[in-house]
Colleague: 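I have a structure I would like to understand better, so I am pasting it below and will then ask my questions one at a time.
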Amino acid sequence: MEKAVKKEQLYEGKAKKVFATADPALVIVSYKDDATAFNGLKKGTVAGKGAVNNRMSNLLMRLLEQRGVPTHFVEELSERETLVKKVKIVPLEVIIRNVSAGSFAKRYGVPEGIVFDAPTLEFSYKCDELGDPLINRYHALALKLATEEELAAIEKYAFQVNEVLKEYFLHLGVRLIDFKLEFGRLPDGTVVLADEISPDTCRFWDAETGEKLDKDRFRRDMGGVEEAYQEIFKRVTGE
Ligand code: ADP
Ligand code: UDP
């Protein structure tokens, strides 16, 4: 298929590369094993991570499409490469939390593991130079990062994603603690879910043991990083 042939590299990020295709509306995302944390300060590689993140993200995007959340997903091309609709990324990281962890626990001085009565949503301004600062919707509107309508759609989809994934992972014996989403605009202005959903962008805790099955093992030098990625992948794919 001609559209699935990689042309020039458009971008190299911390975890993925993006390539043009013959079709200007489509790009190929290529997942790397590189891992970073703390705004790029900590660097490393996690063997097999790229393949896990690619395949897991695609599986979850397909599930979400079935449940009415529009996504950028088009076609999985290989273990590490996927054809997606090219979008203009809305420069907001959308974070949903079901349980206190990470920066929430640190910022508010509470332990990790507090179960919230209702999920929370927060935005970070996607800007590496500024270290992705927390931002509220008024500031996002003031900076024209998104319109009121786009923010409403993004918030609605983000909570919808949470409901679908929370239930899905619980059936696999995994608690979905929190996660980060990115959204983008198609040429017609429609907002769709983009980027990835993977152990790099979610916190997963084993429902029985509380064991961490996500990137926190890398961030916190806990060991067993590759094994954790393989374990969550096995739960999701049955492989
Ligand atoms: P970062 O830019 O934070 O280092 P990555 O290494 O994951 O992150 O790079 C992937 C880049 O591609 C990100 O900037 C992400 O916002 C962007 N992206 C994700 N999905 C799409 C898409 N469908 N179209 C265009 N860009 C996308
Ligand atoms: N997250 C992410 N990319 C970021 C920041 C956060 O994917 O740049 C994810 C992270 O994996 C976790 C959730 O968003 O699942 C909430 O992260 P938090 O704000 O607690 O930040 P952290 O502890 O990672 O600094």
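This one's a predicted model, so the numbers in the text were calculated from it and none came from an experiment. Numbering of ligands and ligand atoms starts at 1, following listing order. Just so you know, residue 1 is the first one in the sequence shown, and it goes up from there.
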Colleague: Output the list of atoms in ligand 1 that are nearer than 4.0 Å to some heavy atom of Val18, sorted by atom number.
Modeller: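 Close to Val18: 12 (O).
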
Colleague: Starting from atom 11 (O) of ligand 2, what is the nearest protein heavy atom, named by residue and atom, and what distance separates them?
Modeller: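 Sorting protein heavy atoms by distance from atom 11 (O) of ligand 2 puts Arg219 NH2, 2.8 Å first.
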
Colleague: Do Ile95 and Val90 land in one hydrophobic cluster if side-chain heavy atoms of ILVMFWY residues count as linked below 4.5 Å?
Modeller: no

Colleague: Does Glu182 approach ligand 1 within less than 4.0 angstrom via side chain, backbone, both or neither, non-hydrogen atoms only?
Modeller: side chain

Colleague: Report the part of Ile89 (side chain from C-beta onward, or backbone N, CA, C, O) that has a heavy atom under 4.0 Å from ligand 1; answer both or neither where that applies.
Modeller: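 Within the 4.0 Å criterion, Ile89 contacts ligand 1 through side-chain atoms alone.
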
Colleague: Before accepting this row, confirm whether a basic side-chain N of the pair Asp200/Lys14 lies closer than 4.0 Å to the acidic partner's carboxylate O.
Modeller: no

Colleague: Is Lys106 touching ligand 2 with its side chain, its backbone, both, or neither, if touching means heavy atoms under 4.0 Å apart?
Modeller: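 Neither; nothing of Lys106 gets under 4.0 Å from ligand 2.
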
Colleague: Please check: side-chain N/O of Asp33 versus main-chain N/O of Thr45, any donor-acceptor pairing under 3.5 Å?
Modeller: no

Colleague: Go through ligand 2 atom by atom and flag the ones less than 4.0 Å from a non-hydrogen atom of Cys202.
Modeller: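 Listed by number with element: 11 (O), 15 (O).
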
Colleague: Starting from atom 8 (O) of ligand 1, find the nearest protein heavy-atom neighbour and note its residue, name and distance.
Modeller: Lys14 N, 4.1 Å

Colleague: With a heavy-atom distance limit of 4.0 Å, tell me whether Val29 approaches ligand 1 through its side chain, its backbone, both, or neither.
Modeller: neither

Colleague: Considering only non-hydrogen protein atoms, determine which one is nearest to atom 25 (C) of ligand 1 and report residue, atom name and distance to 0.1 Å.
Modeller: Val87 O, 3.3 Å

Colleague: Around atom 8 (O) of ligand 2, find the nearest protein heavy atom and jot down its residue, atom name and distance.
Modeller: Glu93 OE1, 3.2 Å

Colleague: State the atoms of ligand 1, each with its element, that fall below the 4.0 Å cut-off from a heavy-atom position in Ala15.
Modeller: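 Result: 5 (P), 6 (O).
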
Colleague: At a non-hydrogen distance cut-off of under 4.0 Å, which region of Asp200 contacts ligand 2 (side chain, backbone, both, or neither)?
Modeller: backbone

Colleague: Of the protein's non-hydrogen atoms, which lies at the shortest distance from atom 9 (O) of ligand 1, and what is that distance?
Modeller: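 I find the closest protein heavy atom is Tyr11 CE2, 3.5 Å.
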
Colleague: With a 4.5 Å cut-off on side-chain heavy atoms, are Phe233 and Pro199 touching?
Modeller: no

Colleague: Under 4.0 Å, heavy-atom basis, I'd like to know which part of Asp178 is in contact with ligand 2: side chain, backbone, both or neither.
Modeller: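 It is both backbone and side chain that touch ligand 2.
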
Colleague: Mind checking whether Phe116 and Phe104 have ring centres under 6.0 Å apart?
Modeller: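 Judged by ring-centre distance (under 6.0 Å), Phe116 and Phe104 do meet the cut-off.
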
Colleague: What atoms of ligand 1 come closer than 4.0 angstrom to any heavy atom of Lys86?
Modeller: 24 (N)

Colleague: I'd like to check which ligand 2 atoms, numbered from 1 as shown, lie under 4.0 Å from a non-hydrogen atom of Gly102.
Modeller: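 Answer for ligand 2: 20 (O), 23 (O).
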
Colleague: State whether the side chain of Arg217 and the backbone N or O of Lys212 hold a donor-acceptor pair below 3.5 Å, judged by distance alone.
Modeller: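 Checking the backbone N and O of Lys212 against the side chain of Arg217, a donor-acceptor pair under 3.5 Å is found.
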
Colleague: Any sub-3.5 Å donor-acceptor pair from Arg80's side-chain atoms to Tyr31's backbone N or O?
Modeller: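 Here the side-chain-to-backbone pair exists.
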
Colleague: With atoms numbered from 1 as shown, which atoms in ligand 2 lie under 4.0 angstrom from a non-hydrogen atom of Phe179?
Modeller: 14 (O), 15 (O)

Colleague: Judged by atom type as modelled, is there a donor-acceptor pair below 3.5 Å linking the side chain of Ser100 to the main-chain atoms of Pro111?
Modeller: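 Yes; judged by distance alone, with no hydrogens or angles, the pair exists.
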
Colleague: Quick test: of every protein heavy atom, which one is nearest to atom 22 (P) of ligand 2, and how far off is it to 0.1 Å?
Modeller: Arg203 NH2, 3.6 Å

Colleague: Who's the nearest protein heavy-atom neighbour of atom 13 (C) of ligand 1, and how far?
Modeller: Asp195 OD1, 4.0 Å

Colleague: Counting heavy atoms only, which part of Val84 comes closer than 4.0 Å to ligand 1: side chain, backbone, both or neither?
Modeller: side chain

Colleague: Using the side-chain contact (heavy atoms from CB on, under 4.5 Å) definition, which of the options Asn58, Leu59, Leu60, Asn53 pairs with Met56?
Modeller: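 In the set Asn58, Leu59, Leu60, Asn53, the residue that makes a side-chain contact (heavy atoms from CB on, under 4.5 Å) with Met56 is Leu60.
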
Colleague: Does ligand 2 have a heavy atom under 4.0 Å from the side chain of Arg97, from its backbone, from both, or from neither?
Modeller: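 Looking at Arg97 and ligand 2, just side chain atoms fall under 4.0 Å.
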
Colleague: Quick one: look up the protein heavy atom nearest atom 14 (O) of ligand 2 and list residue, atom name and how far away it is.
Modeller: Lys180 CB, 3.5 Å

Colleague: Has the side chain of Asp178 got a donor or acceptor atom that lies under 3.5 Å from a matching backbone atom of Thr120?
Modeller: no

Colleague: So for atom NZ, which belongs to Lys234, do other residues, nucleotides or ligands contribute more than 12 heavy atoms lying within a distance under 6.0 Å?
Modeller: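 At most 12 heavy atoms, drawn from other residues, nucleotides or ligands, come within 6.0 Å of this atom.
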
Colleague: Just to be sure I read this right, does ligand 2 sit under 4.0 Å from the backbone of Ser124, its side chain, both, or neither, counting only heavy atoms?
Modeller: neither

Colleague: May I ask you to check if ligand 1 and Lys85 share an N or O to N or O distance below 3.5 Å?
Modeller: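 Such a contact does occur with ligand 1.
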
Colleague: Any salt bridge between Lys17 and Asp34, counting N to O under 4.0 Å?
Modeller: no

Colleague: What protein heavy atom sits nearest atom 18 (P) of ligand 2, and how far away is it?
Modeller: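 For atom 18 (P) of ligand 2, the nearest protein heavy atom is Ser103 OG, 3.3 Å.
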
Colleague: So which bit of His72 gets within less than 4.0 Å of ligand 1, heavy atoms only: side chain, backbone, both or neither?
Modeller: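 Side chain only.
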
Colleague: Should the heavy atoms of other residues, nucleotides or ligands under 6.0 Å from CG of Asp117 be counted, would the total exceed 12?
Modeller: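 It does not: Asp117 CG has 12 such atoms or fewer within range.
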
Colleague: Looking at Gly173, is its backbone amide N or carbonyl O close enough to the side chain of Arg235 to form a donor-acceptor pair, meaning the two atoms are under 3.5 Å apart?
Modeller: yes

Colleague: Inspect the contact between Lys85 and Glu65 and indicate whether a charged nitrogen and a carboxylate oxygen are less than 4.0 angstrom apart.
Modeller: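 Lys85 and Glu65: not salt-bridged.
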
Colleague: Any heavy atom of Lys88 closer to ligand 1 than 4.0 angstrom?
Modeller: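 Under 4.0 Å: no for Lys88.
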
Colleague: Could you identify the single nearest non-hydrogen protein atom to atom 7 (O) of ligand 1 and state the distance to 0.1 Å?
Modeller: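 Sorting protein heavy atoms by distance from atom 7 (O) of ligand 1 puts Lys16 NZ, 2.5 Å first.
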
Colleague: In plain terms, say whether Lys6 and Glu81 are close enough for a salt bridge, that is, a side-chain N and a carboxylate O under 4.0 Å apart.
Modeller: yes

